[in-house]
There are 2 protein chains.
Amino acid sequence: MSGWVVVAGLGPGAESLITPGAQAAIDAATDIVGYIPYVRRIAPRAGLTLHESDNRVEMERAAHALTMATEGRRVVVVSSGDPGVFAMASAIFEAVEAGPETWRALDIRVLPGITAMLAAAAAAGAPLGHDFCCINLSDNLKPWALIERRLRLAAEADFAMAFYNPRSKSRPEGFGKTLDILRECCEPERVILFARAVSTPDQAIRVTTLAEATPEMADMRTVVLVGSSLTRVIARDGAPFVYTPRSVTEAG
Amino acid sequence: MSGWVVVAGLGPGAESLITPGAQAAIDAATDIVGYIPYVRRIAPRAGLTLHESDNRVEMERAAHALTMATEGRRVVVVSSGDPGVFAMASAIFEAVEAGPETWRALDIRVLPGITAMLAAAAAAGAPLGHDFCCINLSDNLKPWALIERRLRLAAEADFAMAFYNPRSKSRPEGFGKTLDILRECCEPERVILFARAVSTPDQAIRVTTLAEATPEMADMRTVVLVGSSLTRVIARDGAPFVYTPRSVTEAG
């Protein structure tokens, strides 16, 4: 009886964005491990144990999954989006590196998923259609000074940007500071897009400019996309299309 | 009879990474449009016309798709990976913006897919598990000076990096220059990972360091991932795990 750990991404919410690979792993599992709202997306069935855990206990959750695999269980650790983008995959490998030698020998696989920024981009058009960067705005696990430095350098590089975890109740002020920094580095007309609960029935996309953006436009269910200097908005009846062209004609 | 255009991502190659949403659009289509190797991934069936086109005719392909939709056809434009990451979605919106007013009124949707860098990251562990950027190394559509500037700023920001289109027969020298720039900005031990033909039977992952990397390790089927200064390699029997930790304890 060989156990394994699969770290699988469930995508941003819609069933239509769960890959067949992730679904097959769930169907073959004996145990599902993850943050409460993600585990609740898994249909219960005989022979499958669902282990819900709270936020901010990623290392305990990883150790639990790895321990069960050494006991022969087939464990799927579920993340929303892609498990490798600000989600459980790094936590699993941190636990492996710090843990007993037996964990290194385990069959551990990561299955990619549709990450929120790409679902948000698709819902709006193609705002990440050129070079871009992806920054976690939470300063739970890194100093704010590093976030600020990355924001300034990303603006200087004229990357489009995607922000995860822009704002939470425990960190209400960080996103306002982010907007202030971007306003120092970018023109007021720069496109900024708030994508909330992408691909779910609650989906809401708001397209605006840096000059008009306010901190309250983001919450923890929001991914924020900022265009490069070349990002365009195509006005039309209904929601506009937002895209970043493929070409840059002069070093900008 | 209302036509539509769906721009769908087929993922990096494996059937298990095609989303149900993309498959449903293909099943509902009357016409498939795309670059030859991507259209060849679609199973022929009665009532479905496959339109293959060559590389570097993205604007003509976009206009063709939009024109067919105005005639009531249900058109899926296929890209590999995610259509919004260096693929057809931006070309479609460029065509819409430059085209006749009727195109703006069309039902145009982008469906996200598993992009190569995230499939490559998953195959290796979690090298993009912290802030990262994504750069197209082709200078077909932008000046090399801009690529060089972005590389230097990305290194200064200590982003992990993903590179698309690192090297082609027509641009054999660009990737060597990229390695030279990174060696100026990063330590020799910096982790670099070459992921070729990810998720296909030809998949090959090579993990090495900047000091050991050579231009020949990349070709047009390769995605290159460069770690941040904190990226770790866990040695083990078989392929190592590569991951970037979630935490940064000091402004680095």
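Source: prediction; values computed, not measured. Scope of the values below: all heavy atoms of this structure, side chains included, with no hydrogens, waters or symmetry mates. First the proteins, then the strands, lettered A, B, ... as listed; each starts at 1.
A distance-only check finds a donor-acceptor pair linking the side chain of A/R149 to the backbone of B/E156 [under 3.5 Å]. Between the side chain of A/R236 and the main chain of B/R104, a donor-acceptor pair closer than 3.5 Å is present. Judged by distance alone, the side chain of B/D131 and the main-chain N or O of A/N136 form a donor-acceptor pair under 3.5 Å.
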Under the side-chain contact (heavy atoms from CB on, under 4.5 Å) rule, what do B/R150 and A/D158 come out as? Steps first, then yes or no, please. CA-CA 8 Å; B/R150 285 181 174 161; A/D158 200 21; 3.7 Å; yes
Could you check B/E97 against A/Y243 for side-chain contact (heavy atoms from CB on, under 4.5 Å), going step by step and ending with a plain yes or no? CA-CA 10 Å; B/E97 188 169 25; A/Y243 80 99; 2.5 Å; yes
Assess whether side-chain contact (heavy atoms from CB on, under 4.5 Å) is satisfied between A/I114 and B/I114, documenting all intermediate values. CA-CA 6 Å; A/I114 303 292; B/I114 302 291; 4.0 Å; yes
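Contact annotation for B/L151: neither backbone nor side-chain heavy atoms come within less than 4.5 Å of a heavy atom of chain A. Contact of B/I135 with chain A is made through backbone and side chain together, with heavy-atom distances under 4.5 Å. For chain A, the nearby part of B/M59 is the side chain; its heavy atoms alone come within less than 4.5 Å. Using a 4.5 Å cut-off between heavy atoms, B/L230 does not touch chain A at all. For chain B, the nearby part of A/L106 is the backbone; its heavy atoms alone come within less than 4.5 Å. In this structure, the portion of B/E15 lying under 4.5 Å from any heavy atom of chain A is its backbone and not its side chain. Interface remark: B/R152 contributes no atoms to any contact with chain A (heavy atom separation under 4.5 Å). Contact annotation for B/D82: only side-chain heavy atoms (C-beta onward) come within less than 4.5 Å of a heavy atom of chain A. With a 4.5 Å cut-off on non-hydrogen atoms, B/A91 touches chain A through its backbone and its side chain both.
In terms of heavy atoms, A/S90 sits closest to B/G129 at OG-CA, 3.3 Å. Of all non-hydrogen atoms in B/L118 and A/P112, the two that sit nearest each other are O-CB, 3.9 Å. Taking all atoms of both residues into account, the shortest heavy-atom contact from B/G125 to A/V110 is O-CG2, 3.6 Å. Annotation for A/C134 and B/F159: closest pair O-CE2, 4.4 Å, computed over non-hydrogen atoms.
Within 6.0 Å of CG on B/D237 lie no more than 12 heavy atoms contributed by other residues, nucleotides or ligands.
Separation of atoms CD1 (B/I108) and CZ (A/F241) is listed at 4.0 Å; rounding is to 0.5 Å. Here NE2 of A/H130 is found 6.0 Å from CG of B/L146. Values are rounded to the nearest 0.5 Å.
With chain B as the partner, the residue from A/A122, A/A124, A/G21 showing the most heavy-atom pairs under 4.5 Å is A/A122. Taking B/S199, B/A235, B/P83 one by one and counting their heavy-atom pairs under 4.5 Å with chain A, the maximum is reached by B/A235.
Ring planes of B/F132 and A/F86: tilted class, angle from 30 to 60°.
Contact of the B/S16 side chain with the A/T19 side chain is not registered, since no non-hydrogen atoms from C-beta on lie closer than 4.5 Å.
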